[in-house]
Each structure stands twice: as structure tokens, then as C-alpha cells.
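For the numbers below, each heavy atom of this structure counts, side chains included, while hydrogens, waters and symmetry mates do not.
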Amino acid sequence: MRIAVFATSRSDFEVASHLADAIKSFEATVVHFYVNDALVSLFPPAGATPLGVALRDGSSDEYRNLIDAVHARIAEHKFDVGLLIGDRWETLLIAQVLVSMNVKLIHHSGGDLTNGSLDNAYRYGCSMLASVHWVSAQSHGDRLTALGVPADQVFFVGEPQLESKKRSAQDVTIEKLGFGFDFSRRYILVCIHPSIDLTQDFDFALSELKLFLEAQPFNVLFTAPNHDPGVSDIMKYLEDLVSRHSDWRIVESLGSAFASVLSKSVCLLGNSSAGMFEAPILGVPVINLGSRQNGRLRAANIIDCPFKADQLHEALKRTVSMRRLMFDSPYFNEDWKNVVRTSLELLMSKSYRPCIGVAL
């Protein structure tokens with residue numbers, strides 16, 4: 001079986017990398033791991049091949065270039081199965097190309113909810129095109145079967161990167177990262193992505209965030225937002241903030257150092273999925289901003305807060321006093337590699353005929 005694994009964003013890279021490695025250990029497969037060209041410099045070598053397109057802002061040119069790149073990869077290696085992770089515009093676009101060219105689709109992350117983001121619609125579009133579903137939580141599998149996805153096509157894999165994130169948080173010495181940031185001072189890690197609530201009231205939301213950040217006592221490290229429509233407006237806002245504060249920094253990505261930097265922060269502030277996945281297992285408090293993650297499973301370390309300065313100050317007081325506990329995660333499955341193997345063996349069997357979409 002020839003399988004192509006695609007990673008198009010920072011958020012899905014490590015999931016894709018872990019899954020690609022697990023698939024490679026299955027002797028009956030040949031794996032090609034394709035990565036958004038813009039990510040290649042952000043992560044250490046992982047056996048990945050540049051996809052042939054750099055995705056940065058979701059422009060119309062990127063849509064056309066991505067379709068051409070995926071067609072070229074299919075023609076080059078004639079793979080039988082494509083594996084996609086998550087819920088982004090480019091994930092759905094790749095899924096459509098794969099299915100139209102008779103390539104079976106395995107989708108990881110179906111059944112999740114992020115009601116405050118267009119990602120939710122992209123995710124369920126991918127689920128309707130997939131033949132096999134690797135879900136990140138048991139309840140997500142239940143949601144898919146309730147929608148009509150056959151139960152024998154749904155497998156609880158979890159978030160395979162979580163175990164290694166625990167280890168890597170201890171392995172990286174952040175003081176030597178070379179970001180030009182003073183890690184000896186206590187700091188907040190901020191990650192803001194485009195979302196529906198920001199689109200609706202961008203100026204008010206970010207002016208309130210600015211009021212809060214400029215009044216709170218900690219240093220600030222920003223990571224750049226995802227390459228979604230609206231990213232350029234958020235980057236201009238962040239660059240303006242940093243230009244006014246000599247100690248603050250923006251990094252395009254923390255790459256493999258993310259877990260370590262996150263684990264040593266006062267808290268994670270923003271609307272990133274890292275607040276739902278990585279932060280709980282590292283015991284890091286999260287101030288989850290706005291509605292982007294609405295519907296997602298939450299651990300006790302997460303404080304939901306609107307884009308309002310006074311409520312942000314109250315949330316920060318709670319995070320500072322919060323005990324740093326490693327929380328049990330509904331996204332962790334220690335047996336995930338065996339689940340991957342079992343589902344691939346089933347997909348290869350002649351008697352297994354998964355349907356696309358739902359069984360009505």
C-alpha cells in the first residue's frame with residue numbers, strides 16, 4: 001500500500017510526523033511525507049519532502065498552486081491512500097483532489113468541534129470525503145457515528161504527539177534558543193489566530209487585548225498566526241505592539257521547542273488548539289480567548305475569556321494562583337500505534353469496503 005501523508009500547518013506537523021513514522025513501521029506500506037514548503041525551515045529533518053507550494057496567507061494563487069502540487073505528487077508516486085490531519089481550508093482542498101482521483105482518504109481529527117472558526121466546516125467536509133476516520137477523542141468518534149459514519153470506519157487514535165511533547169518539554173534548554181528573547185524573566189506565551197469573532201469586531205477585540213497586555217507585569221512572546229485569511233491584519237497588529245516594547249518578541253514558529261517554551265510560561269494566552277491539546281498535559285494554565293475553540297473538550301486548566309481587558313486581568317490572577325498539575329487528557333491513547341496498525345490491516349483486506357461519507 002502506498003500512502004501519502006500531508007502536513008500543511010504548524011498545528012498538524014507533529015501529528016503528521018508521528019503518524020507517518022508509525023505507518024512506516026508497517027512493513028506492507030510505502031510512505032511519502034509531504035510538507036508545506038513554508039514549514040521546512042521551522043522543523044528539524046523528519047523525512048519529509050516539500051509539497052511544492054508555500055502556503056502563507058490563503059490567497060487565490062495558493063489555492064491554484066496547491067491543486068497543481070497535489071496533482072503532481074499523485075502523478076509522481078501513484079499512491080493509493082492519502083492521510084490528512086485536521087480542519088483547515090487547504091486540508092479540505094487536498095481531500096477533494098485526492099477523492100476525485102480515486103485515492104482513498106484517511107482523516108485524523110474528525111468529529112471534533114470548534115464552533116468559533118471556519119475550521120469546523122472544513123473538518124466536517126473532510127469527514128464526508130474520508131473512508132477511514134482516526135479520531136482524537138472517543139466522544140468525537142461517537143459524534144461521527146451519530147452523523148451516519150459506519151462504526152467500523154472509526155478508530156480512536158488520539159493525539160499521538162502528546163507523549164513526546166511531555167518528554168521534549170524537559171529536553172530543550174530554552175535559554176539557548178537564540179530568539180533574542182529574555183527567558184530569564186517570567187513571560188506569557190501569546191498565540192492569536194484568525195477567527196469568526198475577530199473578523200466581526202477586529203478593532204475592538206485587539207484594542208482590548210492591547211490594553212491588557214500593556215498593563216500586565218510579565219514579558220510577552222508572540223507566535224505568528226496560522227496562514228488563514230486575516231493573518232496579515234493580525235501580524236500588523238503584533239508587529240506594532242512589539243515595536244513599542246523592546247523586550248517583547250514575535251517568532252514565526254517555535255518548532256520543536258514549542259513544548260519547552262510553553263511549559264515554562266506563566267500561561268498560554270490566545271485561541272490556539274494548543275490550549276486544548278498540549279497545555280493540559282504540561283500543566284500550563286490557559287486563558288482561552290473568544291469563541292474559536294467553542295465546543296472543544298476542556299481540562300480544568302482552561303479559563304475561557306472574551307476579548308475584554310478587565311476580564312483578562314481577572315483571568316490572569318486566576319492563572320497565577322493555579323496549581324501546575326498535569327491533567328488527564330481525553331486526547332491521549334497510549335495504544336495509538338496498535339490502533340493505526342489494526343486500521344491499516346483492515347483497509348488492506350479485500351473484504352473491507354469502506355464507504356465515502358455517511359451511510360444513510
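Few gaps surround CD on Q311; more than 12 heavy atoms of other groups in view lie less than 6.0 Å from it. Summarising the local packing, CZ of R2 is surrounded by more than 12 heavy atoms from other residues, nucleotides or ligands at distances under 6.0 Å.
Ring planes of H140 and Y331: tilted class, angle from 30 to 60°. The aromatic rings of Y187 and F181 sit perpendicular, their planes meeting at an angle over 60°, well past the 30° parallel limit. Using bins of under 30°, 30° to 60° and over 60° for the plane-to-plane angle, the ring pair H32/F79 lands in the tilted bin.
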Considering only distance and modelled atom types, tabulate donor-acceptor pairs under 3.5 Å from the side chains of residues 292-300, sequence neighbours left out.
| from | atom 1 | to | atom 2 | distance (Å) |
| --- | --- | --- | --- | --- |
| R292 | NE | P194 | O | 3.2 |
| R292 | NH1 | N271 | O | 3.2 |
| R292 | NH2 | D119 | OD2 | 3.1 |
| Q293 | OE1 | R296 | NH1 | 2.6 |
| Q293 | NE2 | N271 | O | 2.9 |
| R296 | NE | D112 | OD2 | 2.7 |
| R296 | NH2 | D112 | OD2 | 3.0 |
| R298 | NE | D304 | OD1 | 3.2 |
| R298 | NE | D304 | OD2 | 2.9 |
| R298 | NH1 | Q293 | O | 3.3 |
| R298 | NH1 | R296 | O | 2.8 |
| R298 | NH2 | D304 | OD1 | 3.1 |

Requested in this report: Could you please spell out the steps behind the side chain to side chain contact (heavy atoms under 4.5 Å, CB included) verdict for L312 and E208?
Outcome: CA-CA 9 Å; L312 280 165; E208 288 290 300; 5.7 Å; no
Query raised in the report: Can you check side chain to side chain contact (heavy atoms under 4.5 Å, CB included) on F258 and L189, steps first, answer last?
Result: CA-CA 10 Å; F258 176 78; L189 182 60; 4.0 Å; yes
Report task. Any chance you could lay out the side chain to side chain donor-acceptor pair (under 3.5 Å) test for K264 and S260, step after step, and finish with the verdict? Result -> CA-CA 6 Å; K264 295 173 175 65; S260 185; 3.3 Å; yes
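In terms of the side-chain hydrogen bond (donor to acceptor under 3.5 Å, both in side chains) criterion, Q153 has no residue partners (sequence neighbours excluded). For the ring pair (Phe, Tyr, Trp, His ring centres under 6.0 Å) test, no residue two or more places apart in sequence or in another chain qualifies with W336. With sequence neighbours left out, D335 forms a side-chain hydrogen bond (donor to acceptor under 3.5 Å, both in side chains) with N338. Residues meeting the side chain to side chain contact (heavy atoms under 4.5 Å, CB included) test with R324, sequence neighbours left out: V284, P285.
The two residues V81 and L347 make their nearest non-hydrogen contact at CG2-CD2, 3.9 Å. In terms of heavy-atom proximity, V266 sits nearest to L316 at CG1-CD1, 4.5 Å. For the pair S109 and I85, the tightest heavy-atom approach, listed with the atom from each and the gap, is OG-CG2, 4.0 Å. The two residues C191 and T223 come nearest to each other via the heavy atoms SG-OG1, 3.2 Å. Heavy-atom minimum distance, V154 versus G141: CG1-CA, 3.6 Å. When all heavy atoms of E14 and G255 are compared, the closest pair comes out as OE2-O, 4.4 Å.
S195 and D197 form a side-chain donor-acceptor contact under 3.5 Å, judged by distance and modelled atom types alone. Using modelled atom types, one finds a donor on one side chain and an acceptor on the other under 3.5 Å when comparing E90 with H227. T49 and R73 share no side-chain donor-acceptor pair at under 3.5 Å.
Looking only at side-chain heavy atoms (C-beta outward), L241 and L209 stay at 4.5 Å or farther from each other. Proximity of L221 to F183: side-chain heavy atoms (C-beta onward) are separated by under 4.5 Å at one or more points. Considering only heavy atoms from C-beta on, W248 comes within 4.5 Å of F222 through its side chain. Looking at L98 and L84, their side chains come closer than 4.5 Å, going by heavy atoms from C-beta outward. For the pair L325 and N301, the minimum side-chain heavy-atom distance is 4.5 Å or more. Contact of the L198 side chain with the I192 side chain is registered, since non-hydrogen atoms from C-beta on lie closer than 4.5 Å. Using a 4.5 Å heavy-atom cutoff, the side chains of W89 and L55 are in contact. Counting only heavy atoms from C-beta outward, the side chains of K210 and Y237 approach each other to under 4.5 Å.
Using a cut-off of 4.0 Å between Lys/Arg side-chain N and Asp/Glu carboxylate O, E345 and R341 are scored as salt-bridged. One finds a salt bridge joining E314 and K317 here, because a Lys/Arg side-chain nitrogen approaches an Asp/Glu carboxylate oxygen to under 4.0 Å.
The structure places CD1 of I302 at 13.0 Å from OG1 of T319, a figure rounded to the nearest 0.5 Å.
Of the possible polar contacts, none joining the D233 side chain to the G230 backbone as a donor-acceptor pair under 3.5 Å is found. Judged by distance alone, the side chain of D37 and the main-chain N or O of G52 form a donor-acceptor pair under 3.5 Å. Panel note: side chain D87, backbone N120; no donor-acceptor pair is recorded below 3.5 Å. Without hydrogens or angle criteria, N36 side chain to A38 main chain gives a donor-acceptor distance under 3.5 Å. Side chain of Y34 to backbone of V70: no donor-acceptor contact under 3.5 angstrom is found.
I196 and F204 end up in different hydrophobic clusters when Ile, Leu, Val, Met, Phe, Trp and Tyr side chains are linked at under 4.5 Å.
For residues 240-262, the salt bridge (charged side-chain N to carboxylate O under 4.0 Å, His left out) pairs, not counting sequence neighbours, are R185-D247, D240-R244.
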